[in-house]
Amino acid sequence: MYTNNPYERLNKAWLRLMKALPTRLPSHKQVQLLRSPALLHPEHLSDALLLQTLDQCHHPSTLPTLQTLHSHLIDRHLHNNPSIAIKIMRAYASCGHTSPARKVFDGMPHKNIVFYNVMIRSYVNNGLYSNALCLFSEMGPRHGVQPDNYTFPCALKACSASGNLCGGLQIHASVSKFGLDTNLFVGNALITMYARCGRSGHACQVFDLMTDRDVVSWNALIAGYAQNGQFEQALKALKEMMVELNEPRPDSGTMASILPAVLSTDSSNVVFVRNVFDQMVAKGLVSWNAMIAIYANNSMSAEAVELFRRMEMEEGIEPDAITFASVLPACGELSALALGRKIHECIKRKRLLPNMVLENALMDMYANCGCLPAAREVFDNMQGGRDVVSWTCIITAYGVHGYGQTAINLFQQMLDSGLKPDHIAFVSLLSACSYAGLLNEGKHYFGTMTDTYNLVPRIEHFACMVDLLGRGGQLEEAYEFIMQMPLEPNERVWGALLGACRVHSDMSIGLIAADHLFRLVPEQSGYYVLLSNIYARAGRWEDVSSVRKAMTSKGIKKLPGCSNVELGNKVYTFHIGDTSHPQSEEIYKKLNLLLGKMKEMGYAAETDSALHDVEEEDKEGHLSVHSEKLAIAFMLINTGPEVLIRIRMNLRTCGDCHSAAKLISSITKREIILKDSNRFHHFKFGVCSCGDYW
DNA sequence: ATAGGGTTAG
């Protein structure tokens, strides 16, 4: 039965829609809301519906709706009702507009504490911390309102968010005056305030003095330690939290809080956090995101990708932008181009672009998979602007692919766009110069770094410069450069010098570098072959055996080299001397065939070169064929001539495999992109983009 | 009618 009001049905339908909507609307629902015919004529809506619609205005896109509603509420003289006025203030604040909220606030003749609390919170949520504190300080006997247990958490949040320790201390004093020290919410806010102001000791004191603690208290404490770089303390707090019986149980906030402490950590800690994760009854999206990020950042890319798959497929949880930003680096690390592309499609389908973080992550993924054009396409299509990270991504991409001049041009374009380069941008640029052998350019930019941009060079910049000079054959100069560095040279610096000595066959400086390296990191697997070979060549047999002993006594084994290639939707892994593949016989046949042709072209296996990182037992036989060669042969057998061969290797490729790949690319007229632990080698027409230096 | 902690990139 309908009345004569033609909008009665619409009112009913509208009411149903309102009830069905969640409190926070996803963006497409917001658009629906704005286009609703009922809202074009809100005068036909009942008071109750108007108020229900008001509750749904929580997003900037609903601002026009809100303004219409507001004027109708004024027309109906409902705006002076305190609870309605509060709703209007909150809605404006959620839409990012504090001024109209303040107007409502100022227009209320009798403001009780709730008005103050809501107004202060509006300011805090919109980043206007000083406004919030200003209003807070106006409270008091003069205006007839005293701050209460709702006011303090908000006021403290204003201090936490702006790192305002001074204000925080004053508020803490005030908290004590009002006897709210033991309030749970106030205590939690105090912990965060101290932690965010760099005082995790104070935060811990507050925590210890609290009579009630809940999961938020623990999370605030853990986050405090984690954000202040006290990773061990953060883990200790999490462990204590876990042994507390029953309550409080860790929640997704716990996972997010511990995150910074375990982004770069030991595998034992990753295992521990994984246990926490597994024990959580209701893991939300945030927990999955955090766990994926932890794996991805600790070089456990396969685990990151596997967790991502489980989350989507088995748990049916919808990934969001943060999930993608966390899993994309893992795709890059694995050169899982097919998965990376799938994720890119998914991102487009979900209309998550433009999003700078995602676009940067996509660029990085494509660059790491050896797809420079795809990385460039993402860069060119960025609609929401580019930041230093975006530019650094694309500069790195060109740099590692050997296009130093393009990297320099991009760097200049970045400057032209008004952005200021930071430390990492310079690492990227200097490496690009170094990879491309642009000696003078590298020196020039190293100079501008301090002269123009007031950046103090860090150890990684010095390592880049040593690499740059060394590559140019300026070994004496490189050595001098190290000697006058203001920082203590580390293994990267000496490693760069040793690498240069290998390429330029300089024994005397090579031995100096080797001695330093041996002193610094005798056990580091990456250097040990080089070290023992250079000592052997110099006839220093005692040092040879010391290197070997250091290796075995510390129980460190050489990381087994392996090469990954993607064929179809599968990743195939090859190890040294691998005979496990069904096509093994064919692979070795193919390699022998190629070897014959290579020898005709003057190839000799580099097994006796003292300055080369080839192992003793590495002869031409089956047992010692390096994984790169197997992977290349496998791809030659299984793909047509038009297919670009992409290989991912976990170590630095050796000189022998490099020469072999170069010759094979020439003989077979195939393009080969080999990514080793250091950089890309793009073999085309018998030439390598790295200029035979790496 | 009002409150506290936490997640993503080079």
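Residue numbers begin at 1 in each chain, while the letters A, B, ... track the order of the sequences. Atom set for the values below is all heavy atoms of this structure, side chains included, hydrogens, waters and symmetry mates excluded.
Residue contacts for A/N355: at a heavy-atom cut-off of 4.0 Å it reaches no nucleic acid atom on any strand shown. At the heavy-atom level, A/K87 lies nowhere under 4.0 Å from the strands shown. Backbone-only engagement by A/A223 is indicated by non-hydrogen atom pairs under 4.0 Å involving sugar-phosphate atoms exclusively. Note on A/V186: nothing from the nucleic acid sits closer than 4.0 angstrom, heavy atoms only. As judged by a 4.0 angstrom heavy-atom cut-off over every strand, A/L259 is placed among residues touching the sugar-phosphate backbone only. Across all strands, A/S252 comes closer than 4.0 Å to base atoms (heavy-atom distances). Using a 4.0 Å heavy-atom criterion, one finds that A/L184 contacts the bases of the nucleic acid, with or without backbone contacts as well.
Put simply, the side chain of A/T392 and the base of B/dG10 share a donor and an acceptor less than 3.5 Å apart. Applying the 3.5 Å distance criterion, the base of B/dA1 shares a donor-acceptor pair with the side chain of A/N112. The base of B/dG10 has none of its N or O atoms less than 3.5 Å from a complementary donor or acceptor on the side chain of A/D387. The base of B/dG10 does not come close enough to the side chain of A/T396 for any donor and acceptor atom to sit less than 3.5 Å apart.
The aromatic ring centroids of A/Y116 and A/H143 lie 6.0 Å or more from each other. The distance between the ring centers of A/F277 and A/W288 falls below 6.0 angstrom. In this structure, the ring of A/F324 has its center no less than 6.0 angstrom from the ring center of A/H344. Proximity of the aromatic rings of A/H401 and A/F680 is defined here by a centroid distance below 6.0 angstrom, and this criterion is met.
As rounded to whole Å, 8 Å separates atom P of B/dT2 from atom CD1 of A/I86. Put simply, CD1 on A/I258 is 13 Å from P on B/dT8, counting in whole angstrom units. If you take CG of A/L263 and C1' of B/dG10, they are 15 Å apart, rounded to a whole angstrom. Rounded to whole angstrom, the span from the NZ atom of A/K157 across to the C1' atom of B/dT2 amounts to 13 Å. The nearest whole Å value for the distance from the CG atom in A/N289 to the P atom in B/dA9 is 11 Å. Here B/dA3 presents its P atom at 14 Å from CE of A/M119, a figure rounded to the nearest Å. One atom, CG of A/N117, and another, C1' of B/dT2, lie 5 Å apart when rounded to the nearest Å. When rounded to the nearest whole Å, the span between CE of A/M363 and C1' of B/dG10 equals 9 Å.
Residue A/R121 places no side-chain N or O under 4.0 Å from the OP1 or OP2 atom of B/dT2.
Legend: residues meeting side chain to side chain contact (heavy atoms under 4.5 Å, CB included) with A/A223, ordered by chain and number and at least two apart, are A/Q227, A/S257.
Residue A/R90 has its side chain nearest to B/dA1 when only B/dG6, B/dA1, B/dT8 are considered. Residue A/Y150 has its side chain nearest to B/dT2 when only B/dT2, B/dA1, B/dA9 are considered. The listed nucleotides are B/dG6, B/dA1, B/dG10; the one nearest the side chain of A/S257 is B/dG6. Picking from B/dT7, B/dT2, B/dG10 the nucleotide with the shortest atom distance to the side chain of A/V114 gives B/dT2. Of the candidate nucleotides B/dA1, B/dA9, B/dT7, B/dA1 has the atom lying nearest to any side-chain atom of A/S83. Side chain of A/V357, nearest nucleotide from B/dA9, B/dG10, B/dG6: B/dA9. Considering only the side chain of A/V388, B/dG10 comes nearest among B/dT2, B/dT7, B/dG10. Between B/dA3, B/dA9, B/dT7, one nucleotide has an atom nearer to the side chain of A/V389 than all others, and that is B/dA9.
Taking the ring centre of A/Y453 as origin, the terminal cationic atom of A/K420 falls outside the region bounded by 6.0 Å and 45° from the ring axis.
In this structure a side-chain-to-backbone donor-acceptor pair under 3.5 Å is missing from A/H202 to A/L190.
Classification of the A/F207-A/W218 ring pair by plane angle, with boundaries at 30° and 60°, yields perpendicular. Classification of the A/F178-A/F152 ring pair by plane angle, with boundaries at 30° and 60°, yields tilted.
Within residues 192-211 of chain A, the residues having any heavy atom under 4.0 Å from DNA chain B are, by residue number, A/T192, A/R196.
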